[in-house]
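The structure appears below as C-alpha cells.
Here is the naming used below: chain letters follow the sequence lines, and residue numbers restart at 1 for every chain. Values below: every heavy atom of this structure, side chains too, minus hydrogens, waters and symmetry copies.
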Amino acid sequence: MHDQLQQVFRDVFGNDAIVLTDETTADDIAEWDSLGHVNLMFAIEETFGVLFRGNQLAEFENVGELERFLEANATVRPG
Amino acid sequence: MMVVRSLSEPQEVTIADADDLVRAGKDEEAIVAYTAAGGELPSASVCLSLARCHERLGSRGEAFRWALEVARAGDDFRSWQAAAALARRTEDSADPPRRSARLALLGSYTTKQLATMLWLAARSLGVSLELYESAFAQYRQEIIDPHSEMYQFGPDLILLAVHAGELDLPLYSDAPADTISSEVERWRTLWALVAERSSATVLQHLFALPADAPFGHLGATLPGARATLAQAVNAALAAAAAPAHVAVVDCERLASLVGKRHWFDRRYWHIAWQAVALDALPLLARHTAAVAASTLGLAKKCLVLDLDNTLWGGIVGEDGLHGISLGDGPAGEPFLDFQRSVLALKQRGVILAVCSKNNESDAKEVFEQHPGMIIGLDDVAAFVADWRPKPEQLRAVAADLSLGLDSLVFVDDNPAEREAVRQFLPEVDVVTLPSDPSQYVDALNDYLLFEPASFTAEDLRRTEQYRGRRAAATAAAAATTIEDFYRSLEMSCVVSPFTEGDLPRLAQLVGKTNQFNLTTRRHSANALQQFASRPDCVHLSFRLTDRLADHGLVALVIAFQNGDALDVDTWLMSCRVIGRSLEATMAQELARAAGARDCNTVVATYVPSERNALAAGILSTLGFRQVDDQDGATRWAYGLNTQPPIVNEHIVVRRSR
C-alpha cells in the first residue's frame with residue numbers, strides 16, 4: 001500500500017524523488033498545489049477504487065491518516 | 001547444486017515480475033520482462049514503466065517513444081499525466097515532429113490538465129504543440145481585446161474549450177428560434193473577431209449537453225425547453241462552422257461514448273471547476289488533437305487492407321472461394337460489417353488499397369465472384385497480391401498511388417505482419433485489429449487520423465448510390481400504404497439453384513429457421529446436396545437486397561415433381577426479411593419452375609409446429625386453396641391454368657443459372 005501510494009504521488013507530481021512518510025503533508029511537497037490536489041485525488045480514486053466524499057482528501061491530517069483510510073476502504077489492491 | 005529451469009516449459013512472465021525487477025534496480029532485465037509480458041499492445045501503465053526504465057538507462061530516445069505509446073495504449077489519466085512529463089523531459093532526444101504548431105487554449109473551466117493531455121496526444125500524432133493557456137475562463141476577454149496576450153502569442157490554432165455551462169439559455173423560451181439565433185450569434189461574433197485579428201484556425205468544442213431534464217421526457221417535445229434549445233445551438237453552430245473555416249470537436253458524441261455521468265463528475269466541478277472528468281480528458285485530447293492534425297494537413301489518405309481474416313474469414317488460397325466466411329451467418333457477418341465500415345470511409349473520400357500475401361487471381365476471384373463481397377475491385381485503387389514481404393508491398397502501393405508512406409494506414413489481422421510494418425516502415429500507421437472480428441469495426445473507428453479537414457456534398461454526389469438513396473429516401477418518407485412501402489424499399493432478389501458454395505448457409509437456414517417455415521423439415525447439408533442432384537427436384541435459393549442493405553441468402557424452397565404436380569417439401573424464409581413480400585416472389589418462382597416442367601399444380605403442406613404460427617395463413621393469402629387436412633397438417637394447391645398468375649411487382653428478380 002505504502003509503495004503504491006508513493007508511486008501515485010511520484011506519477012502525479014512528476015517527481016521520482018518524493019518519499020512519503022506518515023507525517024508527510026501537502027506543505028512538504030512543492031508540487032502539491034490546488035491543481036496537483038485534484039490530480040492526486042483522482043489518481044488515488046482510480047488506483048485504489050475508492051470514492052472520496054466531496055473534498056475529503058483535504059481533510060486528512062497527513063499521509064499516515066490517508067493510508068489508514070485506504071487500508072480500510074480500498075477495493076482495488078494494485079501490484 | 002545448480003537448478004536448471006526446463007526450457008520446454010517456459011514460465012509466463014508477468015507485469016508483477018517486471019515491477020519486481022525495477023524495484024531491484026535491474027532496469028535492463030525489467031525491459032525484457034515488460035516487453036514479454038506486455039505483448040503486442042502493452043497497457044498504458046506498462047508503456048510508462050518501459051519509458052521510465054529507458055530513461056534511467058539513459059536511452060532517452062526510446063524513453064520518449066514509449067511515453068508517446070501511452071497515448072495510444074488507453075485513456076488512463078494517471079499514466080498520461082506521468083507520460084506527458086517524461087516525454088517533455090526527453091523530447092530533445094526524439095526525431096523531429098512532422099509539424100510544429102502554436103495553440104492557444106481558451107477555456108471556460110480548469111484546462112491545466114487538458115493542456116497536458118493535449119500536448120501528449122498531439123505529439124503522438126506527430127505534432128509538437130507550443131501551448132498558451134488563458135487565465136481561468138478568460139476566453140471572451142482574450143478574443144475581444146485586440147492586444148491580449150493570446151494575440152501576442154501568435155497562435156496557429158485557437159481552441160475554444162467550453163462547456164455547456166457557458167450557454168446562455170433560459171429554462172424555457174417562448175421564441176425558441178430567436179433564442180437560438182442570438183446564442184449562435186454570440187459565438188459567431190467571437191469567431192469573426194478572431195478571423196479579423198489573426199490568421200489562426202479556430203477549433204470549437206461543441207457542447208456536451210447536460211443530462212438534467214427538468215421537463216422530463218416531455219422536454220424532447222418542447223422546442224423551447226433548455227435541452228432542446230441547446231441541441232439546436234449545437235447543430236446551428238456546427239452548420240455555421242465550415243463556412244467560417246472553424247473546425248469543431250463534437251463533444252456531445254464523446255460524452256455519449258463514455259456516458260454523461262462519467263463525462264461530468266459533479267464533485268470535481270465543485271472542488272476544482274473541472275467540467276470534464278479527468279479520466280475523460282485523454283479521450284477529449286485525442287479527438288481534439290486529431291482534428292487539429294487534420295487542419296494542419298496531416299490526415300491520412302489511404303487505407304491499405306490485408307485480405308485473409310481481415311476482409312473475410314479464412315484463407316482463400318487454402319479454403320477456396322466457397323470456404324471463406326463472409327456475409328451470411330455468425331462467422332461471416334462481422335466481416336461484412338467491417339467491409340461496410342471500410343466502404344463508408346471510401347465513399348467519403350478515403351482511398352482503398354489491398355496488400356495481401358496471395359495469388360493475385362485467387363484474391364481477385366473473391367472480389368469478382370463471392371456473393372458476400374460488398375467492396376468491389378473498382379473500389380480499390382491499388383491492388384497488390386503477391387508473396388513479397390508486407391513492407392515491400394506497402395512501398396509498391398505508395399508508389400502506385402503516388403502517395404507518401406506517411407499517407408498510408410495499414411490494417412492486418414496478423415500481429416507478425418503488423419510488427420514488420422511498424423519496424424521497417426515507421427511512417428505507416430498500423431491499426432491493431434483485435435482477435436475477435438466482431439470488434440474490427442470499433443478498432444477502425446477508434447483510429448482517428450482519417451478525420452477529414454473538409455467535406456463538400458460534391459465529394460459524395462459523385463457516387464451513383466448516393467443519388468439513388470436520396471430519391472428513395474423521399475419515396476420512403478411519403479409511403480402511406482404497404483405497397484408504397486414495398487416500392488420505396490427498391491427490393492431486388494437473386495434467385496438461384498442451390499450451389500456448392502451456398503451449401504453451408506442453406507444447411508444453416510434449414511437447420512435453424514423456425515418461424516417462417518411451412519414444414520420444419522430438417523435436412524442435412526449432405527441431404528441438400530443429394531436433392532440438388534436429383535432431376536425431379538426444384539431447389540431455389542433467394543438473396544434479397546434493398547436500398548439500405550444486402551440481406552444475403554435468406555430464403556429457400558425445395559420441391560419434387562410428382563406427375564403433373566410440383567410438391568413443396570420445404571419452404572422457409574429467415575425472420576429478418578419477414579414482411580417484405582418475398583413469399584410472393586417465392587410463390588411466383590415456384591409456379592414458374594412448375595410451368596417449365598409442364599406441371600399444372602403446385603402443392604404445398606403446412607405442418608404446424610410450436611413456432612411457425614406466423615406462416616399459417618400465408619398459403620391462403622398467396623391464392624393457394626386448401627385441399628386436405630390430416631391431423632392438423634393442411635395440404636394446399638395452386639392451379640397454374642385455373643388461377644390468376646402470381647406476380648410480385650415489388651421485387652425485381654434476377655435469375656442465375
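Looking at Ile271(B), only its side chain comes within 4.5 Å of chain A, counting heavy atoms on both sides. If you measure heavy-atom distances from Asp265(B) to chain A, you find no contacts under 4.5 Å at all. In this structure, no portion of Gln56(A) lies under 4.5 Å from any heavy atom of chain B. Residue Thr110(B) touches chain A through its side chain alone, counting heavy-atom pairs closer than 4.5 Å. Heavy atoms of Phe13(A) lying under 4.5 Å from chain B are absent altogether. Residue Phe77(B) touches chain A through both its backbone and its side chain, counting heavy-atom pairs closer than 4.5 Å. Only the side chain of Arg52(B) comes within contact range of chain A, with heavy atoms under 4.5 Å apart.
Inspection of the Asn39(A) and Gln113(B) side chains reveals an N or O donor paired with an N or O acceptor under 3.5 Å.
Within 6.0 Å of CD in Glu40(B) there are more than 12 heavy atoms belonging to other residues, nucleotides or ligands. Around CZ of Arg53(A), the count of heavy atoms belonging to other residues, nucleotides or ligands within 6.0 Å does not exceed 12. In this structure, Glu59(A) places its CD atom where more than 12 heavy-atom neighbours from other residues, nucleotides or ligands lie under 6.0 Å away. Taking a 6.0 Å sphere around CD of Glu149(B), one finds it holds 12 or fewer heavy atoms contributed by other residues, nucleotides or ligands. Other residues, nucleotides and ligands contribute over 12 non-hydrogen atoms within 6.0 Å of the CH2 atom of Trp269(B).
For the pair Glu46(A)/Asp279(B), a side-chain contact is recorded, criterion being any heavy-atom separation below 4.5 Å from C-beta on. With a 4.5 Å cut-off on side-chain heavy atoms, His270(B) and Asn55(A) do not count as touching.
We find the CD-OG distance between Gln7(A) and Ser45(B) to be 10.5 Å, quoted to the nearest 0.5 Å. The CD atom of Gln4(A) sits 8.0 Å away from atom CG of Asp19(B), with the distance rounded to the nearest 0.5 Å.
Of the listed residues (Asp3(A), Val8(A), Val12(A), Asp16(A)), the one with the most heavy-atom contacts under 4.5 Å to chain B is Val8(A).
Here the closest non-hydrogen pair linking Gln274(B) and Val38(A) is CG-CG1, 4.4 Å.
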Can Arg78(B) and Thr47(A) be said to form a side chain to side chain contact (heavy atoms under 4.5 Å, CB included), step by step? CA-CA 9 Å; Arg78(B) 183 182 146 199; Thr47(A) 307; 2.9 Å; yes

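A donor-acceptor contact shorter than 3.5 Å is absent between the side chain of Arg267(B) and the backbone of Leu51(A).
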